[in-house]
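Accompanying notes for the structure given below.
This structure is a prediction, so every number in the text was calculated from the model and none was measured.
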Amino acid sequence: MSDNPYATALAANPFAQALDKPDRYVTFCGIDCDGNAKLLMQYVRRHIDQPGQSNAFWDQFRDKLEGRSSQRCDELFLVHSYINMLRELFETHDDQEALALLDKLEDECC
């Protein structure tokens with residue numbers, strides 16, 4: 001028995017054995033959706049926390065992220081709910097690293 005959860009899932013799942021990378025439709029093992037969403041929020045914050053770079057939408061987004069609105073939303077939920085706004089933010093700032101991570105999250109987790 002392996003200590004690697006992805007290897008264990010592969011061994012138990014004949015569909016996953018044919019994959020060359022993790023696939024959310026087969027198993028989420030090996031996919032760090034929550035960790036990648038938290039990292040993406042760091043990219044978001046570096047843009048919206050700059051003086052003069054925010055607006056009412058991003059102020060509300062920040063409130064949801066920090067739990068200052070009616071209910072705190074987790075990072076993955078915010079990515080899923082606002083994926084198009086996030087993409088526009090990163091494209092506006094030509095943040096290729098953040099766009100790559102957003103694409104990865106969209107492909108693997110949303």
Run the numbers on F57 and L89 for side chain to side chain contact (heavy atoms under 4.5 Å, CB included), then give the verdict.
CA-CA 11 Å; F57 173 82; L89 175 72; over 6 Å; no

F77 atom CZ, over 12 foreign heavy atoms within 6.0 Å:
no

Listed partners of R46 passing salt bridge (Lys or Arg N to Asp or Glu O under 4.0 Å), at least two apart
D95

With salt bridge (Lys or Arg N to Asp or Glu O under 4.0 Å) as the test, would you mind laying out the steps for R62 and D49 before giving the verdict?
CA-CA 9 Å; R62 190 182 301 107; D49 288 347; 2.9 Å; yes

Looking only at heavy atoms, the pair that brings W58 and M85 closest together is CZ2-O, 3.7 Å

Classify the ring geometry between H47 and H93 as parallel (under 30°), tilted (30 to 60°) or perpendicular (over 60°).
parallel

Residues E66 and R45 bridged, charged N to O under 4.0 Å
yes

Residues V44, F90; criterion side chain to side chain contact (heavy atoms under 4.5 Å, CB included); working and verdict
CA-CA 8 Å; V44 170; F90 297 141; 3.5 Å; yes

Using the test salt bridge (Lys or Arg N to Asp or Glu O under 4.0 Å), find all partners of D34 that sit at least two apart in sequence or belong to another chain.
none

Euclidean distance, Q96 CD relative to L102 CG, rounded to 0.5 Å:
11.5 Å

Gap between atom CE of M41 and atom CD of E75 - 0.5 Å precision
6.5 Å

Give the intermediate values and the outcome of side chain to side chain contact (heavy atoms under 4.5 Å, CB included) for residues D103 and R87.
CA-CA 9 Å; D103 287 341; R87 184 172 310 284; 2.8 Å; yes

Nearest-0.5 Å distance, CG of residue L65 to CG of residue L78:
6.0 Å

Should C110 and V79 be marked as a side chain to side chain contact (heavy atoms under 4.5 Å, CB included) after you check the CA-CA gap, both sets of side-chain angles, and the distance that decides it?
CA-CA 8 Å; C110 292; V79 171; 4.0 Å; yes

Kindly give the heavy-atom pair with the smallest separation between L101 and N36, and that separation in Å.
CD2-O, 3.8 Å

CG of L40 to CD of E97: how many Å apart, nearest 0.5 Å?
10.5 Å

Between atom NE2 of H80 and atom SG of C109, what is the distance when rounded to the nearest 0.5 Å?
11.5 Å

Look up atom CG in D32 and atom NZ in K104, then write down how far apart they are to the nearest 0.5 Å.
9.0 Å

All heavy atoms of E108 vs all of C33, minimum pair found to be O-SG, 4.3 Å

